[in-house]
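The structure appears right after this line, and notes come after that.
Residue numbering restarts at 1 for every chain, and letters A, B, ... go by the order of the sequence lines.
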Amino acid sequence: MTDIILQVQNVSIIYRSPRGDVRATNNVSLTLRKGETIALIGESGSGKTTLSLSFIRMLPNSARVTQGTILYTRDGVTRNVLELSDDEIRRFRWSDCAMVFQGAQNAFNPVLKIRNQFADTAAAHGYRDKAWVKKRTLDLFKLVRLDPQRVFDAYPHELSGGMRQRTLLALGVMLDPQVVILDEPTTALDILTQRAIIDVLKAMQQALHFSIIFISHDLALAAEMADRVATMYAGEIVEEGPVDEMFYRPLHPYTLGLIRSIPKLNHEQDHLVSIPGEPPNLITPPSGCKFHPRCQFATEKCRVDPPTLVEYEPGHLAACWHTDKVIEARPAAVVQG
Amino acid sequence: MATESPAVPSGPAAPSFPIARHAFRRFYTNYTARTVLQAIVTIWAVITFTFFLIRLMPGNPVEVYVDFLVNQQNMTYDEAYSRAASQFRFDPNVSLVTQYVEYMGQLLRGDLGLSITSSGTRVIDQIARFLPWTIFSVGLGLLISFTLGVILGTIMAYKRNTAIDHALSFLASVLSAVPNYIWGLFIILVLGVQLNLFSVGGLRGNYDPSLQPGFTLEFIGSVLKHAFLPVLIYVIGSIGGWMLNMRNSTVSTLGEDYVNVARARGLTSSRILLAYVGRNAALPMFTLLAINIGFIIGGSVIIEELFVYKGIGSFLFWSITQRDYTSMQGVFLIITISVVVSNLLADLLYSRLDPRVRVSGGK
């Protein structure tokens with residue numbers, strides 16, 4: 001297919017720690033198409049952020065990619081991100097793949113005006129035309145529904161949390177990247193501001209046609225934003241599929257558990273179920289299926305034999321030996337629209 | 001700013017007092033006015049305090065001189081006393097309060113008075129003669145140690161937990177743990193006297209006395225040569241602090257989100273180093289620098305005495321031994337003013353460098 005822009009193949013990442021190697025992600029594959037939004041869901045420590053940091057080679061020094069390729073395609077040219085030179089990766093960042101980190105509140109240098117931080121981003125990627133940079137910046141502010149003149153000349157501390165987040169989104173798409181990674185873009189914002197940010201994001205994507213990798217604990221948000229959803233558990237993708245399939249017809253017990261643990265306002269509180277146990281220790285992960293110690297359907301096979309991703313429905317993959325039991329267990333409609 | 005406070009009573013009751021209070025509040029909330037007022041009060045308080053404190057020291061100028069004449073020139077006490085009393089413009093029998101009122105009156109007219117022990121010399125002239133040498137030597141030392149310390153501290157932070165960092169941290173700790181006069185003694189006694197690497201006697205004074213002061217290469221060379229050791233000591237004594245401060249400040253700045261985001265934005269590492277890491281990490285350094293400027297004079301006393309460098313520090317030392325009250329007061333006044341002014345400078349500088357604390361005029 002020609003519209004694939006990011007193809008992640010069998011990527012494994014370990015962190016070296018005094019107690020041993022932490023297998024943060026294990027043999028992960030993921031495909032991102034043009035204009036598509038993929039949501040990565042899963043508990044903290046499931047490897048979502050580590051995986052996406054590897055796409056722009058921003059892993060901490062203690063981390064190492066031990067295998068796999070990350071193929072990025074633009075204008076018919078495909079390159080392996082992991083093999084780019086230092087200068088190439090610097091240029092790749094932001095102009096091809098922008099990452100909006102968790103906690104954007106401190107994303108801006110406090111001593112530089114917003115206009116300068118847009119200008120130096122452009123300059124770092126070879127955009128020398130000051131008039132163009134200014135026009136582009138002001139246009140983007142309009143797109144994210146900020147008062148362009150006010151924000152342009154402001155210092156970061158003069159903006160509210162929501163304004164800063166929108167400013168960061170505007171900065172994120174400034175150089176027309178194909179991929180925008182959003183790591184918990186709405187944490188630390190109040191519910192109304194979250195709403196506004198999501199609306200802005202949708203409008204931006206419509207105008208600029210970039211693809212999004214959306215990392216979130218908030219399943220409702222993921223359901224709203226994503227075309228496809230991938231569930232990560234213990235550094236592996238355990239289920240992946242179209243958003244409706246994932247939320248209405250999950251195949252993996254972990255996805256089912258995540259969906260069941262969402263509080264529902266129009267239901268009785270006793271429907272709320274948590275997943276028993278804790279995420280596993282990734283230095284010495286469990287044998288077989290890593291989810292088996294917490295899984296209600298686990299059998300002897302799960303303890304011994306690690307399942308691999310199998311396509312059950314078109315585009316809907318799961319790594320589980322007992323999808324039939326999950327199908328039996330899932331309620332008629334697990335998530336209200 | 002100009003909006004009327006609704007709390008101001010507009011009725012006929014409470015006429016003049018709230019208006020005065022309102023005026024005072026407006027004056028006091030004005031940043032500049034408040035700062036200047038605080039500075040003036042501080043200076044007055046220090047002058048008053050030191051005025052009485054130095055007069056509480058045992059002995060006075062006349063007694064010190066009488067002692068000197070009796071012991072060194074074998075005069076009788078009465079002879080010596082009448083000589084001293086006639087030579088000095090100082091009468092120990094005038095009450096402290098009278099002296100204080102007289103002195104403050106002089107100060108208000110901008111007059112630091114005459115030196116007690118060097119009759120006929122104005123204190124202001126003495127200060128003008130000695131102060132530039134101290135500003136030159138201590139200022140140069142401060143500038144060098146600040147620049148070097150900030151650069152080395154940044155290197156340590158970038159190479160944190162490597163051998164370079166450990167070595168430089170150790171060096172910085174040793175340098176800052178030993179007081180600067182110990183380093184001074186070490187250099188004079190070990191390098192000068194024991195090893196005879198330079199002539200201790202030849203480096204006395206501010207320049208070679210056989211030279212005519214002027215903008216000649218020879219004279220400037222001599223000035224630098226004579227200032228070299230004191231400056232070196234000032235650098236050795238303070239560079240460790242700058243290095244460690246800058247290292248810590250840079251390490252914490254490197255952990256900031258905006259530095260990470262700047263890397264994700266694909267900025268060049270030199271741009272990140274200067275505008276993102278350096279600029280933010282150096283903020284507290286500039287405040288420290290400005291405050292340190294205030295201690296130029298106070299910090300120079302022992303070192304100038306040690307190297308026989310004729311600056312304001314050794315002048316202060318000499319004034320104290322002679323109990324030359326007016327000269328001491330003059331130097332203390334200069335010290336106070338420079339500390340107050342440098343603190344003001346630190347405030348101003350910080351608000352220039354950090355937009356978050358900038359006092360907004362408009363908007």
Partners passing side chain to side chain contact (heavy atoms under 4.5 Å, CB included) against A:Ala196 (at least two apart in sequence or in another chain): none
Taking side chain as everything from C-beta outward and backbone as N, CA, C, O, which of these in A:Leu53 sits under 4.5 Å from a heavy atom of chain B? Side chain, backbone, both or neither. neither
Set out, in order, the CA-CA distance, both residues' side-chain angles and the distance that settles side chain to side chain contact (heavy atoms under 4.5 Å, CB included) for B:Asp257 and A:Phe108, then state yes or no. CA-CA 8 Å; B:Asp257 285 346; A:Phe108 290 101; over 6 Å; no
As an exercise: rank A:His157, A:Met99, A:Met174 by heavy-atom pairs under 4.5 Å with chain B and give me the winner. A:His157
Mind running side chain to side chain contact (heavy atoms under 4.5 Å, CB included) on A:Met58 and B:Arg263 for me, showing each step along the way? CA-CA 8 Å; A:Met58 286 273 295; B:Arg263 288 206 295 137; 4.0 Å; yes
Decide if atom OH of B:Tyr158 counts as having more than 12 heavy atoms of other residues, nucleotides or ligands within a radius under 6.0 Å. yes
Does atom CG (A:Asp129) have a neighbourhood of more than 12 heavy atoms from anything else shown, all under 6.0 Å? yes
Please check if atom CH2 in B:Trp44 has more than 12 non-hydrogen atoms from other residues, nucleotides or ligands closer than 6.0 Å. no
Can a side-chain donor-acceptor contact be found between A:Asp120 and B:Tyr276 if the only test is distance below 3.5 angstrom? yes
Examine whether an atom of B:Arg271 lies under 4.5 Å from a heavy atom of chain A, and if so say whether it belongs to the side chain, the backbone or both; otherwise answer neither. side chain
Crowded around A:Asp87 CG? As in, over 12 foreign heavy atoms under 6.0 Å? yes
Shortest non-hydrogen separation from A:Phe101 to B:Val261 and the atoms involved: CD1-CG2, 3.7 Å
Please report the closest heavy-atom contact between A:Asn109 and B:Asn280, naming both atoms and the distance. OD1-ND2, 2.8 Å
Looking at B:Gly266 and A:Ala124, what are the two nearest heavy atoms and their distance? O-CB, 3.6 Å
Does the side chain of A:Val111 come within less than 4.5 Å of B:Leu283's, by heavy atoms? yes
For chain A, find which of B:Ala262, B:Ala264, B:Ser269 contributes the most heavy-atom pairs closer than 4.5 angstrom. B:Ala264
Without swapping roles, check the side chain of B:Arg265 against the backbone of A:Gln117 for a donor-acceptor pair under 3.5 Å. yes
Does the pair B:Leu267 and A:Arg93 meet the rule for a side chain to side chain contact (heavy atoms under 4.5 Å, CB included), with working shown? CA-CA 9 Å; B:Leu267 299 190; A:Arg93 289 174 186 162; over 6 Å; no
